[in-house]
Amino acid sequence: RVKTKWASTRAKVPATNLALQHFDATYKKYFGELWPSVRIGMLSEQKYGALMNNFASNADVISTLQSQGCRDFIRAEGRDAHVLSDESEQNDRPSTEPARISSDIQCFVFPRGDITRFKPARPDSAGLLSYYLLDAASVLPVLALDIRPGHSVLDLCAGPGGKTLAILQTQAVRFLWANDLSGSRTARLQRMLQSFVPKELRGDDKIRVTSLDGRKWRNMEDLEFDRVLVDVPCTTDRHSLMEDENNIFKRSRTKERQTLPLLQIELLLAGLQATRPGGELLYSTCSLSPLQNECVVEQALGLAQQEMDITVRVQDLSSFTRLFSDTFHFAPQPALGELVLPHLCANFGPIYLCKLLRVS
Ligand code: SAM
(Lines give C-alpha, C1' and ligand atoms only; values in the text may rest on other atoms or scores of the structure.)
Protein backbone atom coordinates (compact mmCIF):
# COMPACT_ATOMS: atom_id res chain seq x y z
CA ARG A 1 0.00 0.00 0.00
CA VAL A 2 2.83 2.37 0.89
CA LYS A 3 4.40 1.57 -2.47
CA THR A 4 1.21 2.50 -4.37
CA LYS A 5 0.99 5.84 -2.60
CA TRP A 6 4.62 6.55 -3.32
CA ALA A 7 4.16 5.60 -6.95
CA SER A 8 1.18 7.91 -7.41
CA THR A 9 2.77 10.92 -5.73
CA ARG A 10 6.30 10.77 -7.08
CA ALA A 11 7.22 13.37 -9.69
CA LYS A 12 6.82 12.16 -13.25
CA VAL A 13 10.15 12.19 -15.05
CA PRO A 14 9.64 12.84 -18.77
CA ALA A 15 10.48 9.83 -20.90
CA THR A 16 13.00 11.93 -22.86
CA ASN A 17 14.95 12.49 -19.61
CA LEU A 18 14.80 8.78 -18.80
CA ALA A 19 16.19 8.07 -22.27
CA LEU A 20 19.06 10.53 -21.77
CA GLN A 21 19.89 9.04 -18.34
CA HIS A 22 19.90 5.57 -19.88
CA PHE A 23 22.11 6.61 -22.81
CA ASP A 24 24.55 8.45 -20.54
CA ALA A 25 24.86 5.37 -18.38
CA THR A 26 25.35 2.89 -21.23
CA TYR A 27 26.76 4.72 -24.26
CA LYS A 28 29.39 6.69 -22.31
CA LYS A 29 31.03 3.38 -21.46
CA TYR A 30 30.73 2.06 -24.98
CA PHE A 31 31.73 5.12 -27.03
CA GLY A 32 34.20 6.64 -24.54
CA GLU A 33 35.52 10.02 -25.68
CA LEU A 34 33.22 10.04 -28.74
CA TRP A 35 30.10 10.11 -26.58
CA PRO A 36 29.91 13.90 -25.83
CA SER A 37 30.01 14.68 -29.57
CA VAL A 38 27.40 12.02 -30.45
CA ARG A 39 25.24 13.15 -27.51
CA ILE A 40 25.19 16.82 -28.57
CA GLY A 41 24.41 15.75 -32.13
CA MET A 42 21.42 13.70 -31.01
CA LEU A 43 20.15 16.56 -28.83
CA SER A 44 20.34 19.00 -31.77
CA GLU A 45 18.19 19.34 -34.85
CA GLN A 46 18.48 16.38 -37.17
CA LYS A 47 19.49 16.84 -40.79
CA TYR A 48 17.35 15.55 -43.63
CA GLY A 49 17.93 14.34 -47.14
CA ALA A 50 15.56 14.62 -50.11
CA LEU A 51 15.09 11.19 -51.69
CA MET A 52 14.21 12.10 -55.28
CA ASN A 53 11.21 10.45 -56.83
CA ASN A 54 12.32 9.09 -60.20
CA PHE A 55 8.69 8.42 -61.13
CA ALA A 56 7.86 12.16 -61.02
CA SER A 57 9.02 14.90 -63.39
CA ASN A 58 11.65 16.43 -61.15
CA ALA A 59 14.29 18.04 -63.43
CA ASP A 60 13.29 21.56 -62.31
CA VAL A 61 13.26 20.53 -58.69
CA ILE A 62 16.77 19.11 -59.02
CA SER A 63 18.15 22.28 -60.60
CA THR A 64 16.54 24.38 -57.87
CA LEU A 65 18.08 22.19 -55.17
CA GLN A 66 21.47 22.36 -56.90
CA SER A 67 21.26 26.14 -57.12
CA GLN A 68 20.73 26.15 -53.33
CA GLY A 69 23.98 24.21 -52.88
CA CYS A 70 22.47 20.74 -52.45
CA ARG A 71 24.13 17.71 -54.01
CA ASP A 72 23.21 14.09 -54.54
CA PHE A 73 25.46 12.35 -52.02
CA ILE A 74 25.20 9.02 -53.89
CA ARG A 75 26.29 10.17 -57.35
CA ALA A 76 28.82 12.61 -55.96
CA GLU A 77 30.65 9.88 -54.09
CA GLY A 78 29.53 6.59 -55.60
CA ARG A 79 31.30 7.24 -58.87
CA ASP A 80 34.63 6.08 -57.47
CA ALA A 81 33.23 2.76 -56.27
CA HIS A 82 35.68 0.59 -58.15
CA VAL A 83 38.82 2.42 -57.09
CA LEU A 84 37.74 2.21 -53.51
CA SER A 85 36.82 -1.46 -53.64
CA ASP A 86 40.29 -2.27 -55.00
CA GLU A 87 41.84 -0.45 -52.06
CA SER A 88 39.68 -2.36 -49.64
CA GLU A 89 41.31 -5.62 -50.70
CA GLN A 90 44.46 -4.45 -48.99
CA ASN A 91 42.96 -4.10 -45.53
CA ASP A 92 42.77 -7.01 -43.12
CA ARG A 93 39.02 -7.30 -42.70
CA PRO A 94 37.48 -10.53 -44.07
CA SER A 95 35.47 -10.82 -47.35
CA THR A 96 35.87 -7.82 -49.65
CA GLU A 97 32.78 -7.61 -51.82
CA PRO A 98 33.25 -4.74 -54.25
CA ALA A 99 31.02 -1.81 -53.32
CA ARG A 100 28.21 -1.56 -55.84
CA ILE A 101 26.04 1.49 -55.85
CA SER A 102 22.63 1.64 -57.42
CA SER A 103 22.97 4.71 -59.58
CA ASP A 104 19.22 5.22 -59.83
CA ILE A 105 18.71 6.26 -56.22
CA GLN A 106 19.30 9.98 -55.78
CA CYS A 107 19.33 11.65 -52.39
CA PHE A 108 20.12 15.36 -52.08
CA VAL A 109 21.68 16.85 -48.97
CA PHE A 110 22.92 20.28 -47.97
CA PRO A 111 26.70 20.46 -47.43
CA ARG A 112 28.38 19.67 -44.09
CA GLY A 113 27.61 22.27 -41.48
CA ASP A 114 24.73 23.72 -43.53
CA ILE A 115 21.50 23.24 -41.61
CA THR A 116 19.09 24.68 -44.19
CA ARG A 117 15.76 22.87 -44.16
CA PHE A 118 14.08 21.45 -47.25
CA LYS A 119 10.71 22.82 -48.27
CA PRO A 120 7.88 20.30 -48.40
CA ALA A 121 7.74 18.53 -51.78
CA ARG A 122 5.13 19.64 -54.31
CA PRO A 123 3.17 17.40 -56.69
CA ASP A 124 4.04 17.36 -60.41
CA SER A 125 1.42 17.59 -63.19
CA ALA A 126 0.50 13.91 -62.67
CA GLY A 127 0.04 14.50 -58.94
CA LEU A 128 3.24 12.65 -57.89
CA LEU A 129 5.46 14.22 -55.23
CA SER A 130 9.00 15.08 -56.32
CA TYR A 131 10.85 13.98 -53.19
CA TYR A 132 10.50 12.29 -49.82
CA LEU A 133 12.23 13.78 -46.79
CA LEU A 134 14.06 11.37 -44.52
CA ASP A 135 17.27 10.95 -42.55
CA ALA A 136 19.73 10.59 -45.46
CA ALA A 137 21.55 7.83 -43.55
CA SER A 138 18.47 5.64 -43.81
CA VAL A 139 19.11 5.31 -47.55
CA LEU A 140 22.38 3.49 -46.75
CA PRO A 141 20.79 0.14 -45.82
CA VAL A 142 19.00 0.09 -49.19
CA LEU A 143 22.14 1.06 -51.10
CA ALA A 144 24.14 -1.61 -49.27
CA LEU A 145 21.51 -4.22 -50.14
CA ASP A 146 22.73 -3.97 -53.74
CA ILE A 147 19.43 -4.63 -55.51
CA ARG A 148 20.00 -5.74 -59.11
CA PRO A 149 17.64 -5.91 -62.08
CA GLY A 150 15.03 -8.64 -61.72
CA HIS A 151 15.42 -9.11 -57.98
CA SER A 152 12.54 -10.00 -55.71
CA VAL A 153 12.72 -8.07 -52.45
CA LEU A 154 11.07 -8.47 -49.04
CA ASP A 155 10.87 -5.44 -46.74
CA LEU A 156 9.85 -7.20 -43.53
CA CYS A 157 9.24 -4.16 -41.26
CA ALA A 158 8.39 -1.57 -43.88
CA GLY A 159 6.14 1.08 -42.32
CA PRO A 160 5.90 3.99 -42.82
CA GLY A 161 7.84 3.29 -46.01
CA GLY A 162 10.92 5.52 -46.43
CA LYS A 163 13.17 2.59 -47.26
CA THR A 164 10.43 0.92 -49.32
CA LEU A 165 10.40 4.00 -51.53
CA ALA A 166 14.21 3.94 -51.77
CA ILE A 167 14.01 0.26 -52.84
CA LEU A 168 11.56 1.22 -55.59
CA GLN A 169 13.81 4.08 -56.73
CA THR A 170 16.42 1.51 -57.84
CA GLN A 171 13.91 0.71 -60.65
CA ALA A 172 15.40 -2.77 -60.61
CA VAL A 173 12.85 -4.68 -58.53
CA ARG A 174 10.78 -7.38 -60.23
CA PHE A 175 8.57 -7.91 -57.17
CA LEU A 176 8.47 -6.14 -53.79
CA TRP A 177 6.68 -7.39 -50.70
CA ALA A 178 6.35 -4.67 -48.06
CA ASN A 179 5.13 -5.89 -44.68
CA ASP A 180 4.57 -4.31 -41.28
CA LEU A 181 2.76 -5.67 -38.25
CA SER A 182 1.02 -2.37 -37.63
CA GLY A 183 -2.09 -1.69 -39.68
CA SER A 184 -1.75 2.07 -39.22
CA ARG A 185 1.83 1.90 -40.47
CA THR A 186 0.89 -0.12 -43.57
CA ALA A 187 -1.93 2.38 -44.19
CA ARG A 188 0.69 5.17 -44.15
CA LEU A 189 2.83 3.10 -46.48
CA GLN A 190 -0.09 2.70 -48.91
CA ARG A 191 -0.66 6.46 -48.86
CA MET A 192 3.04 7.02 -49.49
CA LEU A 193 2.88 4.66 -52.51
CA GLN A 194 -0.14 6.53 -53.89
CA SER A 195 1.72 9.85 -53.59
CA PHE A 196 4.98 8.67 -55.15
CA VAL A 197 4.45 5.69 -57.45
CA PRO A 198 2.34 5.65 -60.65
CA LYS A 199 -0.73 3.43 -60.47
CA GLU A 200 0.47 1.08 -63.22
CA LEU A 201 3.52 0.17 -61.11
CA ARG A 202 1.48 -0.57 -58.02
CA GLY A 203 -0.28 -3.73 -59.25
CA ASP A 204 -0.38 -6.84 -57.02
CA ASP A 205 2.09 -8.59 -59.29
CA LYS A 206 4.65 -5.82 -58.62
CA ILE A 207 4.08 -4.59 -55.07
CA ARG A 208 2.29 -6.41 -52.28
CA VAL A 209 1.58 -4.78 -48.91
CA THR A 210 0.61 -6.85 -45.86
CA SER A 211 0.18 -6.39 -42.09
CA LEU A 212 1.59 -9.68 -40.82
CA ASP A 213 3.71 -10.55 -37.81
CA GLY A 214 7.13 -10.79 -39.39
CA ARG A 215 8.23 -13.34 -36.77
CA LYS A 216 5.79 -15.87 -38.20
CA TRP A 217 6.78 -15.27 -41.79
CA ARG A 218 8.09 -18.79 -42.36
CA ASN A 219 4.86 -20.43 -41.20
CA MET A 220 2.79 -18.32 -43.53
CA GLU A 221 4.77 -17.81 -46.68
CA ASP A 222 6.89 -20.17 -48.76
CA LEU A 223 8.44 -17.56 -51.04
CA GLU A 224 12.19 -17.00 -50.98
CA PHE A 225 13.62 -13.60 -51.91
CA ASP A 226 16.84 -12.41 -53.56
CA ARG A 227 17.09 -9.52 -51.12
CA VAL A 228 15.56 -9.01 -47.67
CA LEU A 229 15.53 -5.85 -45.59
CA VAL A 230 15.01 -6.32 -41.84
CA ASP A 231 14.72 -2.78 -40.46
CA VAL A 232 13.63 -3.73 -36.96
CA PRO A 233 11.72 -1.85 -34.26
CA CYS A 234 14.31 -0.45 -31.84
CA THR A 235 14.74 2.25 -29.20
CA THR A 236 14.77 4.91 -32.01
CA ASP A 237 17.42 6.79 -30.02
CA ARG A 238 17.01 10.22 -31.57
CA HIS A 239 13.22 10.16 -31.32
CA SER A 240 13.45 8.94 -27.70
CA LEU A 241 15.51 12.00 -26.76
CA MET A 242 13.16 14.45 -28.48
CA GLU A 243 9.54 13.31 -28.17
CA ASP A 244 7.71 12.26 -25.03
CA GLU A 245 4.78 10.97 -27.02
CA ASN A 246 4.98 7.30 -27.96
CA ASN A 247 8.37 7.10 -26.20
CA ILE A 248 9.70 3.60 -25.48
CA PHE A 249 11.50 4.88 -22.35
CA LYS A 250 8.15 5.55 -20.62
CA ARG A 251 8.10 3.51 -17.43
CA SER A 252 4.97 1.71 -18.65
CA ARG A 253 6.96 0.38 -21.63
CA THR A 254 10.01 -0.88 -19.71
CA LYS A 255 9.27 -4.54 -20.37
CA GLU A 256 8.67 -3.89 -24.08
CA ARG A 257 11.98 -2.06 -24.28
CA GLN A 258 13.89 -4.73 -22.44
CA THR A 259 12.56 -7.48 -24.70
CA LEU A 260 13.36 -5.61 -27.94
CA PRO A 261 16.55 -7.61 -28.61
CA LEU A 262 14.53 -10.82 -28.45
CA LEU A 263 12.00 -9.48 -30.97
CA GLN A 264 14.86 -8.29 -33.17
CA ILE A 265 16.52 -11.73 -33.13
CA GLU A 266 13.21 -13.37 -34.06
CA LEU A 267 12.66 -10.95 -36.94
CA LEU A 268 16.20 -11.42 -38.19
CA LEU A 269 15.82 -15.22 -38.10
CA ALA A 270 12.52 -14.96 -40.01
CA GLY A 271 14.24 -12.70 -42.55
CA LEU A 272 17.05 -15.22 -43.00
CA GLN A 273 14.52 -17.99 -43.61
CA ALA A 274 12.88 -15.84 -46.28
CA THR A 275 16.21 -15.22 -48.06
CA ARG A 276 17.09 -17.70 -50.82
CA PRO A 277 20.46 -19.45 -50.47
CA GLY A 278 22.89 -17.11 -52.25
CA GLY A 279 20.64 -14.14 -51.47
CA GLU A 280 21.45 -11.26 -49.14
CA LEU A 281 19.84 -9.66 -46.12
CA LEU A 282 20.38 -6.27 -44.57
CA TYR A 283 19.74 -5.86 -40.84
CA SER A 284 19.34 -2.28 -39.64
CA THR A 285 18.30 -0.19 -36.63
CA CYS A 286 18.29 3.50 -35.75
CA SER A 287 19.88 2.84 -32.37
CA LEU A 288 23.44 3.07 -31.07
CA SER A 289 22.89 0.15 -28.71
CA PRO A 290 25.29 -2.77 -29.25
CA LEU A 291 22.67 -5.00 -27.60
CA GLN A 292 20.27 -4.22 -30.45
CA ASN A 293 22.95 -4.16 -33.14
CA GLU A 294 25.94 -6.49 -33.23
CA CYS A 295 24.76 -8.67 -30.31
CA VAL A 296 21.49 -9.39 -32.14
CA VAL A 297 23.39 -10.32 -35.30
CA GLU A 298 25.81 -12.57 -33.40
CA GLN A 299 23.06 -14.40 -31.57
CA ALA A 300 20.84 -14.80 -34.62
CA LEU A 301 23.71 -16.23 -36.68
CA GLY A 302 24.45 -18.81 -33.98
CA LEU A 303 20.79 -19.81 -33.75
CA ALA A 304 20.37 -19.93 -37.53
CA GLN A 305 23.23 -22.41 -37.77
CA GLN A 306 22.31 -24.55 -34.77
CA GLU A 307 18.54 -24.66 -35.08
CA MET A 308 17.82 -24.06 -38.76
CA ASP A 309 20.94 -25.32 -40.46
CA ILE A 310 21.27 -21.97 -42.21
CA THR A 311 24.84 -20.83 -42.84
CA VAL A 312 25.40 -17.10 -43.04
CA ARG A 313 28.44 -14.98 -43.81
CA VAL A 314 28.78 -11.39 -42.62
CA GLN A 315 29.69 -9.13 -45.55
CA ASP A 316 32.36 -6.48 -45.16
CA LEU A 317 30.93 -3.00 -45.74
CA SER A 318 34.11 -1.03 -45.11
CA SER A 319 34.68 -0.13 -48.78
CA PHE A 320 31.01 0.82 -49.03
CA THR A 321 31.11 3.17 -46.03
CA ARG A 322 34.36 4.73 -47.22
CA LEU A 323 32.46 5.92 -50.31
CA PHE A 324 30.20 7.98 -48.11
CA SER A 325 32.59 9.20 -45.45
CA ASP A 326 32.39 12.79 -46.77
CA THR A 327 28.69 12.84 -45.95
CA PHE A 328 28.36 10.70 -42.81
CA HIS A 329 30.35 10.06 -39.65
CA PHE A 330 30.90 6.35 -39.21
CA ALA A 331 31.90 4.75 -35.93
CA PRO A 332 35.54 3.66 -36.04
CA GLN A 333 35.88 -0.09 -36.58
CA PRO A 334 32.74 -1.59 -35.01
CA ALA A 335 33.00 -5.31 -34.30
CA LEU A 336 30.31 -6.27 -36.80
CA GLY A 337 28.46 -4.10 -39.33
CA GLU A 338 28.71 -0.31 -39.65
CA LEU A 339 27.25 2.53 -37.62
CA VAL A 340 26.48 6.13 -38.64
CA LEU A 341 27.14 8.40 -35.67
CA PRO A 342 25.29 11.71 -35.29
CA HIS A 343 27.64 14.68 -35.45
CA LEU A 344 26.93 18.43 -35.33
CA CYS A 345 28.46 18.98 -38.79
CA ALA A 346 26.64 16.03 -40.38
CA ASN A 347 23.71 15.40 -38.13
CA PHE A 348 22.38 12.16 -39.63
CA GLY A 349 21.77 8.84 -37.91
CA PRO A 350 22.17 6.89 -35.80
CA ILE A 351 21.82 4.08 -38.30
CA TYR A 352 23.32 0.64 -37.80
CA LEU A 353 23.62 -1.68 -40.80
CA CYS A 354 24.92 -5.21 -41.18
CA LYS A 355 24.83 -7.14 -44.44
CA LEU A 356 24.52 -10.93 -44.42
CA LEU A 357 24.93 -13.44 -47.20
CA ARG A 358 22.89 -16.62 -46.81
CA VAL A 359 25.36 -19.26 -47.93
CA SER A 360 23.08 -22.31 -47.57
N1 SAM B 1 11.58 0.52 -42.60
C2 SAM B 1 10.73 1.59 -42.13
C3 SAM B 1 11.00 2.85 -42.92
O4 SAM B 1 12.10 3.00 -43.46
O5 SAM B 1 10.10 3.69 -43.00
C6 SAM B 1 10.88 1.82 -40.63
C7 SAM B 1 10.62 0.59 -39.83
S8 SAM B 1 10.51 0.88 -38.10
C9 SAM B 1 12.16 1.09 -37.68
C10 SAM B 1 10.13 -0.70 -37.49
C11 SAM B 1 8.77 -1.19 -37.87
O12 SAM B 1 8.64 -2.54 -37.41
C13 SAM B 1 7.59 -0.45 -37.26
O14 SAM B 1 6.84 0.14 -38.28
C15 SAM B 1 6.78 -1.53 -36.54
O16 SAM B 1 5.39 -1.37 -36.70
C17 SAM B 1 7.27 -2.78 -37.21
N18 SAM B 1 7.12 -4.02 -36.44
C19 SAM B 1 7.16 -4.20 -35.09
N20 SAM B 1 7.00 -5.49 -34.78
C21 SAM B 1 6.87 -6.16 -35.95
C22 SAM B 1 6.65 -7.53 -36.29
N23 SAM B 1 6.55 -8.47 -35.34
N24 SAM B 1 6.54 -7.86 -37.59
C25 SAM B 1 6.63 -6.90 -38.56
N26 SAM B 1 6.83 -5.60 -38.29
C27 SAM B 1 6.94 -5.24 -37.01
Side-chain angles (χ1 to χ4, degrees), residues 46 48-51 53 105 107 131-145 147 153-170 173 176-193 195-197 207-221 225 227-240 243 246-248 253 255-274 281-289 292-293 296 300 340 348-354:
Q46 167 183 25
Y48 282 85
L51 173 66
N53 184 13
I105 303 181
C107 186
Y131 55 76
Y132 182 97
L133 295 179
L134 77 185
D135 182 330
S138 58
V139 176
L140 295 177
V142 177
L143 285 172
L145 199 47
I147 295 165
V153 182
L154 169 64
D155 188 355
L156 193 62
C157 307
K163 296 185 192 70
T164 313
L165 183 61
I167 290 170
L168 291 169
Q169 295 307 314
T170 62
V173 180
L176 170 65
W177 193 320
N179 176 70
D180 198 287
L181 177 65
S182 152
S184 62
R185 289 260 187 163
T186 43
R188 273 176 72 185
L189 190 139
Q190 292 278 22
R191 286 197 296 277
M192 179 283 289
L193 291 175
S195 307
F196 288 88
V197 183
I207 306 177
R208 192 163 170 200
V209 179
T210 49
S211 300
L212 304 170
D213 185 340
R215 290 172 292 184
K216 300 182 182 144
W217 189 265
R218 187 62 182 175
N219 304 338
M220 294 179 293
E221 305 298 340
F225 294 82
R227 296 290 185 264
V228 175
L229 178 63
V230 184
D231 185 36
V232 290
C234 66
T235 43
T236 54
D237 293 358
R238 199 185 269 276
H239 171 88
S240 295
E243 300 277 338
N246 197 23
N247 192 312
I248 197 153
R253 295 182 71 185
K255 186 143 188 248
E256 183 190 345
R257 178 167 55 81
Q258 288 171 343
T259 52
L260 269 176
L262 190 61
L263 171 62
Q264 291 160 341
I265 291 171
E266 288 180 292
L267 287 166
L268 178 48
L269 286 173
L272 282 171
Q273 288 180 303
L281 178 150
L282 201 301
Y283 174 81
S284 58
T285 75
C286 51
S287 168
L288 296 166
S289 161
Q292 297 173 61
N293 296 340
V296 166
V340 177
F348 303 107
I351 293 283
Y352 172 79
L353 56 156
C354 186

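Along the sequence shown, residues are numbered consecutively beginning with 1. Atom set for the values below is all heavy atoms of this structure, side chains included, hydrogens, waters and symmetry mates excluded. Whatever order the structure lists them in is the order used to number ligands and atoms, beginning at 1.
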### Task
In sequence, state the C-alpha distance, the side-chain angles, and the governing distance for Ser240 and Thr235, and then conclude on side-chain hydrogen bond (donor to acceptor under 3.5 Å, both in side chains).
CA-CA 7 Å; Ser240 295; Thr235 43; 5.9 Å; no
Honestly, for Ser138 the part within reach of ligand 1 (heavy atoms, under 4.0 Å) is neither
Among non-hydrogen protein atoms, atom 8 (S) of ligand 1 lies closest to Gly159 O, 3.9 Å
for atom 24 (N) of ligand 1, nearest protein heavy atom and its distance come out as Gly214 N, 2.8 Å
| task | For ligand 1, find out whether one of its N or O atoms is nearer than 3.5 Å to an N or O atom of Asp155. | result | no
**Message:** What I want to know is whether Leu267 and ligand 1 share at least one N or O pair that is separated by under 3.5 angstrom.
**Reply:** no
Atom 1 (N) of ligand 1 has as its nearest protein heavy atom Asp231 OD2, 2.7 Å
The answer for which part of Leu212 has a heavy atom under 4.0 Å from ligand 1 is backbone
Quick look: Val232 vs ligand 1, heavy-atom contacts under 4.0 Å, and the answer is backbone
| said: Pair Thr285, Gln264 - check side-chain hydrogen bond (donor to acceptor under 3.5 Å, both in side chains), show working. | reply: CA-CA 9 Å; Thr285 75; Gln264 291 160 341; over 6 Å; no
Counting from 1 in the order shown, the ligand 1 atoms closer than 4.0 Å to a non-hydrogen atom of Leu156 are 25 (C)
So the atoms of ligand 1 within less than 4.0 Å of a heavy atom of Arg215 turn out to be 23 (N)
Short version for Leu134: what comes under 4.0 Å of ligand 1, heavy atoms counted, is neither
Looking at Cys286, Ala158, Cys157, Pro233, the heavy atom closest to atom 3 (C) of ligand 1 belongs to Ala158
- Item | Any side-chain heavy-atom pair of Arg253 and Asn246 under 4.5 Å | yes
The closest protein heavy-atom partner of atom 23 (N) of ligand 1 is Asp213 OD1, 2.8 Å
Counting heavy atoms under 4.0 Å, the part of Arg185 that contacts ligand 1 is side chain
* Would you indicate whether Tyr48, at its atom OH, is surrounded by more than 12 heavy atoms from other residues, nucleotides or ligands within a distance under 6.0 Å? => no
Ranking Asn179, Asp180, Val139 by closest non-hydrogen atom to atom 11 (C) of ligand 1, top hit is Asp180
The atoms of ligand 1 lying under 4.0 Å from a heavy atom of Leu181, numbered in the order shown, are 20 (N), 21 (C), 22 (C), 23 (N), 24 (N), 25 (C), 26 (N), 27 (C)
